[in-house]
Amino acid sequence: MSRVGVLRFPGTNCDRDIWKSIELKGHTPQWIWYQDEFSPEDFDAFLVPGGFSYGDYLRSGALAALSPAMTSLKKADAQGKPIFGICNGFQILCEAGMLPGALMRNENGRFIDQWVTLKLENKSGWTPAKVGESFRMPMAHADGRFFINEEGLKDLKDKGQVWLTYTNNPNGSVADIAGVMNERGNVVGMMPHPDRALFEWMGSTDGLQFFDWTGEA
Amino acid sequence: MTLQEKLKLYRINETEYARITELLGREPQGVEWAVFSALWSEHCSYKSSKVHLKKLFSQSERVLQSFGENAGIVDLGEDEKVAFKMESHNHPSFIEPYQGAATGVGGILRDIFTMGARPIALANYLCFGKPTADRMSELVDGVVRGIGGYGNCVGVPTVSGQTNFHESYDGNILVNAMAVGLFTKDDPICLSQAKGVGNLVVYVGAKTGRDGVHGASMASESFDEDSESKRPTVQIGDPFFEKLLIESCLEVMKQDLVVAIQDMGAAGLTSSGFEMADKGSIGITLNLDHVPLRDETMTPEDVLLSESQERMLLICKPEKLKPLQDIFHRWGLDAVAVGEVIEDPVVRLIWKGETLTEMSPKMVVDNAPQYERPFNPWTSATRSEHGEISDGDVNNESLLATLSHVTGGDKSWVYKQYDQRVGANTAQDCSNPVGAVALPSGRALGVVLGCRPHIMRQDAWLGGMDSIAYPAIELASKGFEALATTDCLNFGNPEKKEVMTEFVAALDGMNKACEAFVAPIISGNVSFYNETLDKGVSPTPSTGLVGLRPSIDNIPASGFTSEGNSVVLVTLAKGCSQGLLWENQNKQGQFFFDTELAKLAQDTKNFAQVVNSLDVTASRIVGNFGLAYTLSRMTLDRGLGARIQWDGPAGLEPLYQVVLTVADTQKERLLSSLASHNIDATVIGVVTGDRLIWNDLDLSTRDIKESYASSWTKAFPRLS
């Protein structure tokens, strides 16, 4: 059984959802409070859940990125520990410089909740899914338009860091990007919610496999 | 200030003023004016409606808490309970749509978690004017952004809603928000009764500012040309604070650190302080200068009347103050002792050591005026005694016109801006007639809103009855049993006899249906004075029903799912209305309804059980615009069409029928199950191909979808 640290900031609101997802896969979740530093050795993997940390004040994820727990999370990254940010968690990892690019206001200027179809572009350390496989799951965000400059995009593509793309771009993201990874493939982030596609009654079970660490990038 | 000016400022009339001087034995002084103004406002005192509300059916075996607390509670069995309530925020939303709607959501959520329940679902009932009416795009945009901005951030999913458009709301929109909270096994129910002499009165949450001063009395008045100048009476919300307040309050309640708790809603500290003391038949002191302020120049009166959001008043034992403060501070919130519980049954208001006044809460709360406003017995102008009502003309062209009209078209622009799935429990979102969330026990909780304003405009009694029966049948069509109801009674000026007549008739219709369906009304509010320049809104008693289903799995879809399925029309009652089709052509429709409510309720209950015992693939109540429109909506999800062979009405709105689809192999079982309960059901067609074909009607499902999707931009070109 692997021990998965779940970060909680003031305003995090998908923390309990992530907790359930992790348990469902047979792992052991454990809370990490944003004010506390921790030892990366005590955990096998980390999840940064969605929500509105600090009420999205300043910029989504900007304030959370500066908290003590994030200092420890960077140490965990340096040790190559698997780290996964979903929605606001993705925004926080970008703001902390642990993932490339930035997430900006959706093209239509509004919050969008809808189902999307995603395609796996490159393998990361998370999910056993194969390149080219597609997944159906919900997204729900106002600041989810992935942005990176041309040079950065070329770099991402060259290094195979584009993790997931939308088949029907809902928010104006550059190159349809829905999720990216760092160079090593241990840190990943995505805007849509695999934690909301776990059972048939939710409308899809495609999210389940995203809570597995395979270690093969 | 002259007496007349004071009466105007505090919105107290002369009779009430006379009563106040009689109760006090003298003229009111200083902050006493503010206290009476707030607690005797229509909004807080229900002075025009109380005599009628007392008659409401409000109890059942499942009801643990009815009126009198922040929200009602029903027992779901299996160690699960839910608290729920609906509340209006019409006046503030018209003045300042974003903040008005946002704080409406915030306020209703506080009513729920104040009781110890974790909020698990939101729903909202909105009525807007004609899209072309003055400010309407701005109002729609602001309200939707406000609801989304607040609900999304606090992390409570919006799972159901209703959006209506009619010219009667041009000058007075309606914004009603409903919240549902869950208690699991070890969650305590917290009440608001002050107890225990020597206990501390603690203020928690956000700091107090000047926003919302005089808000309750503002909401108890009609609008004039000058509603713009009322903007400072609207509160400003901060959902981030609310989220912290939810987590910290639930934590202190669970750790048993709280004796009583009440949120500061309308009339802020005044109403929470007086009501908590009144309920406990005990006294409290309030050091108004201890209240954390945003602006140090605020007066005691400002502090008393402020409607700043995200604040709570609670009572705790002195030895529990420290652990309680530790938890609130950990979440970054203030928690300050501002007074104590005293034996003397008075509320003593203190400012910098000096007693401003002490008043008996009983005197103020229990002596609030109650009016028996005049009304007439209900007589219907549109009832057809014999049921001879002609069908409307439904053809390709008229059906596409309905689908592309704002009243019949796609409203996903609205709900796509709401997070419908945060919490990861949503099984049916806003695109379905009934919202559904998973309970920890594996069962499903259904949430649905009622009240069709066009039926209200046709007949107030029928509309009131329909506000309960229609959503109860929608629940049944998905296999839920209706358990209880909350309501928002949105009406015009109760001092007008015709408004009061409709109010009484609608309430009677609702009440009879609630009793028949055993769906007692256990919480809610009344919003009068929804009028501008003497023009009132359509009477709109919106309702929210919760229902229970034995399993979260296999809830029927709302559109056609599989080629070859049989289309079955189930008739639950004898009645119909010339509804929206007529109204949209400016014609006065008639209706006919000849069904015993007790039988309808029993049949509905049996029907829900049949739905659950068989593999029903899809279900949809036949609603606005009648059967042809309902069938066209069922093609939208997957583009599957149907071939219908039936000689019933296409455009009349039945009271009440439901469309089901089942696999052909299940058809006979379904019919015989329904027949065994004496419920009438007929196979009217088959799901097939990509066209909807019925008599002269022959449309491709793509054209249906295009018309439906075009409606929003057609109505609101500026909102995309």
Side-chain angles (χ1 to χ4, degrees), chain A residues 8-24 33-36 49-58 60 63-64 86-88 106-115 137-143 170-171 192-204 207, chain B residues 118-120 141 144-145 147-158 237-248 330-333 412-432 436-438 440 442 444 549 551-555 557 719-720:
Chain A
R8 288 179 113 181
F9 301 91
T12 297
N13 64 27
C14 302
D15 40 350
R16 293 147 48 89
D17 317 6
I18 291 293
W19 185 275
K20 278 186 283 184
S21 312
I22 294 167
E23 278 189 334
L24 198 63
W33 185 239
Y34 75 109
Q35 284 169 326
D36 302 335
F52 284 73
S53 57
Y54 292 91
D56 275 358
Y57 293 158
L58 188 58
S60 305
L63 296 173
I86 298 171
C87 199
N88 187 223
N106 293 341
E107 204 167 37
N108 72 354
R110 295 179 187 278
F111 189 97
I112 305 173
D113 173 314
Q114 68 175 54
W115 286 84
M137 64 181 72
M139 64 169 236
H141 57 245
D143 297 326
N171 55 14
H193 279 280
D195 45 329
R196 300 180 187 179
L198 303 173
F199 298 97
E200 284 298 340
W201 57 258
M202 289 182 170
S204 166
Chain B
R118 176 172 284 278
I120 55 164
D141 191 29
V144 172
R145 279 185 194 268
I147 292 171
Y150 208 100
N152 299 348
C153 182
V154 291
V156 181
T158 298
D238 183 341
F240 173 57
F241 253 93
E242 179 101 336
K243 170 68 176 163
L244 304 179
L245 200 57
I246 293 178
E247 298 303 330
S248 51
R330 185 165 167 268
W331 288 97
L333 297 176
S412 63
W413 181 90
V414 173
Y415 58 74
K416 269 173 78 172
Q417 297 184 56
Y418 306 149
D419 193 333
Q420 300 165 63
R421 277 162 270 268
V422 57
N425 285 316
T426 304
Q428 298 265 297
D429 62 15
C430 296
S431 66
N432 295 284
V437 288
R549 188 178 192 271
S551 165
I552 189 73
D553 296 314
N554 302 319
I555 298 176
L719 302 180
S720 56

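Chain identifiers are assigned alphabetically (A, B, ...) following the order of the sequence lines, protein sequences preceding nucleic acid strands; residue numbering begins at 1 within each chain.
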Which atoms of A:Thr12 come close to chain B, meaning under 4.5 Å heavy atom to heavy atom: side chain ones, backbone ones, both, or neither?
-> backbone

Verify, without hydrogens or angle tests, whether B:Asp419 (side chain) and A:Ala140 (backbone) share a donor-acceptor contact under 3.5 angstrom.
-> no

Distance col, row B:Asp429:CG vs A:Gln114:CD, nearest 0.5 angstrom, shows 11.5 Å

Pick from A:Gly51, A:Ala197, A:Gly11: which one has the most heavy-atom pairs with chain B under 4.5 Å?
-> A:Gly11

So, the side chain of A:Asn13 versus the backbone of B:Cys153: is there a donor-acceptor pair under 3.5 Å, distance only?
-> yes

Tell me, for B:Arg145 versus chain A, whether the close heavy atoms (under 4.5 Å) come from the side chain, the backbone, both or neither.
-> side chain

Evaluation steps, side-chain contact (heavy atoms from CB on, under 4.5 Å), between B:Val422 and A:Arg196 = CA-CA 8 Å; B:Val422 57; A:Arg196 300 180 187 179; 3.3 Å; yes

Under 4.5 Å to a heavy atom of chain B? For A:Tyr57 that would be side chain

Contact origin within B:Asp238 toward chain A - heavy atom pairs under 4.5 Å | side chain

Could you list all the salt bridge (charged side-chain N to carboxylate O under 4.0 Å, His left out) pairs where at least one residue sits in residues 10-20 of chain A, not counting sequence neighbours?
-> A:Arg8-A:Asp15

Spacing of CZ belonging to B:Arg421 relative to CE belonging to A:Met137, to within rounding of 0.5 Å | 12.5 Å

Between atom OG1 of B:Thr158 and atom CG of A:Asp113, what is the distance when rounded to the nearest 0.5 Å?
-> 9.0 Å

So what's closer than 4.5 Å to chain A heavy atoms on B:Leu244: side chain, backbone, both or neither?
-> side chain

What part of A:Trp115 gets closer than 4.5 Å to chain B, counting heavy atoms only: side chain, backbone, both or neither?
-> side chain

Side chains of B:Asp553 and A:Glu200: closer than 4.5 Å at any heavy-atom pair?
-> no

Residues, nucleotides or ligands: over 12 heavy atoms within 6.0 Å of A:Asn108 CG = yes

Contacting region of B:Val154 [heavy-atom separation from chain A under 4.5 Å] | backbone

So, for A:Trp201 and B:Ala438, which heavy atoms are closest and what is the spacing to 0.1 Å?
-> CH2-CB, 3.6 Å

Quick one: are B:Leu719 and A:Arg110 in side-chain contact, heavy atoms under 4.5 Å?
-> yes

